[in-house]
Structures are given as structure tokens and as C-alpha cells.
S.K.: 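Pasting a structure below so you can have a look.
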Amino acid sequence: MGDKFVRAIFPGSFDPITNGHLDVVHRGMRLFDELIIAVGRSPVKNQLFTPEERVEMICELTADMPGVSVESFEGLTVEYAARKEADVILRGLRSLTDVQYEFQLAMTNRAVAGIETVFVMTSEHYGFTSSTLIRQVAALGGDVSKLIPKSIYARLQHRLGRLTE
Ligand code: ADP
């Protein structure tokens with residue numbers, strides 16, 4: 001994006017990180033000089049992995065990605081963005097349903113903090129992938145191995161009490 005150094009944050013729950021999220025990360029890497037994957041610590045809905053575990057898993061997956069780092073944060077995303085002196089918030093879009101919610105979120109964040117949100121559309125392969133559905137399907141024994149990285153799949157099986165060797 002021109003000469004200016006651009007730092008973006010990619011906030012989310014990432015419980016767990018999916019191939020869809022990683023697709024967004026790869027696209028973000030091409031757009032920004034620095035990308036911080038920010039794991040929200042908000043008391044979430046049916047948490048499967050702790051924020052620390054999520055950060056650790058994402059760190060492993062992104063270790064060799066230049067310009068990418070991982071952190072967790074508490075409280076308002078826009079306040080975290082300001083603390084990190086981030087220029088933009090990166091979010092992914094899967095469907096029209098996402099657009100409606102994300103539009104509202106982005107407008108609110110711009111109104112309260114003046115920060116811009118940049119959206120990237122996911123690869124058509126992952127448009128239907130969501131962490132919530134992955135948790136639900138995996139808990140009922142469904143095979144989600146194509147939707148998440150191998151290392152995450154192993155952790156998920158472990159967490160759900162299905163030990164794999
Ligand atoms: P949140 O609970 O804040 O929505 P998520 O971890 O579910 O956090 O998602 C973080 C971001 O990643 C959101 O912008 C969401 O739309 C996007 N995202 C989630 N899954 C996908 C996917 N399969 N493809 C593209 N973007 C995705």
C-alpha cells in the first residue's frame with residue numbers, strides 16, 4: 001500500500017483457528033507490512049481452548065510467516081488497536097450474512113475510534129467453515145480434518161477425549 005508502513009490487526013476468537021482464518025492471514029500478509037493476529041479474551045460462548053492455548057497453536061502455525069505475530073487481548077478491539085498503533089482492522093467475509101454483521105461492527109468501530117476495517121473474501125473452499133460449527137461437528141464425532149490444520153485437528157481430538165497416536 002504505497003510507501004507508508006501499514007500495521008493491521010486481525011481480531012477474532014479463533015477457537016480453534018481454521019483453514020478459513022489462515023486463508024485470511026495469507027491474504028492479509030500480501031496487503032500489510034505487519035499483521036497481528038489478536039485472540040480475544042472476552043468470556044466466550046462454549047470456549048473449547050483457553051486464550052493461551054489458542055495463541056500457542058496459532059504461533060506454531062505462523063512461526064515462519066514474515067511480519068505475522070500473535071497476541072491475546074482483553075476488552076474493546078478498538079482500544080487494543082490503538083494501543084498497538086494499528087492502522088486497520090482486518091476481517092474475513094464468508095457470506096452475505098457475514099456482511100450484515102461485519103458492516104455494523106465496522107461502522108461502529110469507525111464511529112467510536114475512527115479506525116478503518118479492511119475486508120478480504122475467503123477462498124471459495126472455506127466459505128462455509130466456522131469455528132463454532134467445527135466445535136459442534138467434532139464433538140459429535142464428525143470428521144473436520146479437511147477444515148483445520150493437521151496440528152489443530154490433533155489438539156481437537158485430544159481435547160474431545162479421542163486420543164490419536
Ligand atoms: P469472531 O467471534 O470475532 O467473529 P472468529 O474467530 O469467528 O471471531 O472470526 C474472526 C474473523 O475471521 C471474522 O472476520 C470472521 O468473519 C472471519 N472468518 C471466520 N471464518 C472464516 C472463513 N472460513 N473464511 C473467512 N473468514 C473467516
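When a ligand or atom number is given, it counts from 1 through the structure's own listing order.
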S.K.: Gln47 and Arg135: side-chain donor and acceptor closer than 3.5 Å?
M.R.: no
S.K.: Does Met121 come within less than 4.0 angstrom of ligand 1, counting non-hydrogen atoms of the residue?
M.R.: no
S.K.: Any idea which atoms of ligand 1 are less than 4.0 Å away from a heavy-atom of Asp98?
M.R.: 16 (O)
S.K.: So, Ser13 versus Asp15: side-chain donor-acceptor pair below 3.5 Å or not?
M.R.: no
S.K.: Out of all atoms in ligand 1, which are within 4.0 Å of some heavy atom of Pro11? Include the element for each.
M.R.: 10 (C)
S.K.: When you measure from the heavy atoms of Phe128 to every atom of ligand 1, does any distance fall below 4.0 Å?
M.R.: no
S.K.: Can you list the atoms of ligand 1 that are under 4.0 Å from a heavy atom of Val24?
M.R.: 25 (C), 26 (N)
S.K.: Ignoring angles and geometry beyond distance, decide whether Tyr101 reaches within less than 3.5 Å of ligand 1 through its nitrogen or oxygen atoms.
M.R.: no
S.K.: Salt bridge check, Asp87 against Lys4: does any charged N sit closer than 4.0 Å to a carboxylate O?
M.R.: yes
S.K.: Identify, with sequence neighbours excluded, every residue that meets salt bridge (charged side-chain N to carboxylate O under 4.0 Å, His left out) alongside Glu52.
M.R.: Arg41
S.K.: Between Ser130, Gly92, Ser131, which one has a non-hydrogen atom sitting closest to atom 17 (C) of ligand 1?
M.R.: Gly92
S.K.: Atoms of ligand 1 less than 4.0 Å from Thr122 heavy atoms?
M.R.: 24 (N), 25 (C)
S.K.: Please report whether ligand 1 has a polar contact with Phe14, defined as an N or O pair separated by less than 3.5 Å (distance criterion only).
M.R.: yes
S.K.: What are the atoms of ligand 1, with element, lying closer than 4.0 Å to any heavy atom of Thr129?
M.R.: 20 (N), 21 (C), 22 (C), 23 (N)
S.K.: Below 4.0 Å, non-hydrogen atoms only: which portion of Arg94 touches ligand 1? Side chain, backbone, both or neither.
M.R.: side chain
S.K.: Test of understanding: with side chain to side chain donor-acceptor pair (under 3.5 Å), list the residues that count as partners of Thr129, not counting sequence neighbours.
M.R.: none
S.K.: Which heavy-atom pair separates Glu102 from Phe119 by the least distance, and what is that distance?
M.R.: CB-CE2, 3.6 Å
S.K.: Hey, what do you get for CD (Glu56) to OG (Ser72), rounding to the nearest 0.5 Å?
M.R.: 12.5 Å
S.K.: Measuring from the heavy atoms of Asp23, does anything fall under 4.0 Å of ligand 1?
M.R.: no
S.K.: I'd like to check which ligand 1 atoms, numbered from 1 as shown, lie under 4.0 Å from a non-hydrogen atom of Gly12.
M.R.: 3 (O), 6 (O), 8 (O), 10 (C)
S.K.: Within a radius of less than 6.0 Å around CE of Met121, do more than 12 heavy atoms belonging to other residues, nucleotides or ligands occur?
M.R.: no
S.K.: Regarding Tyr80 and Glu71, is there a side-chain donor-to-acceptor distance under 3.5 Å anywhere?
M.R.: yes
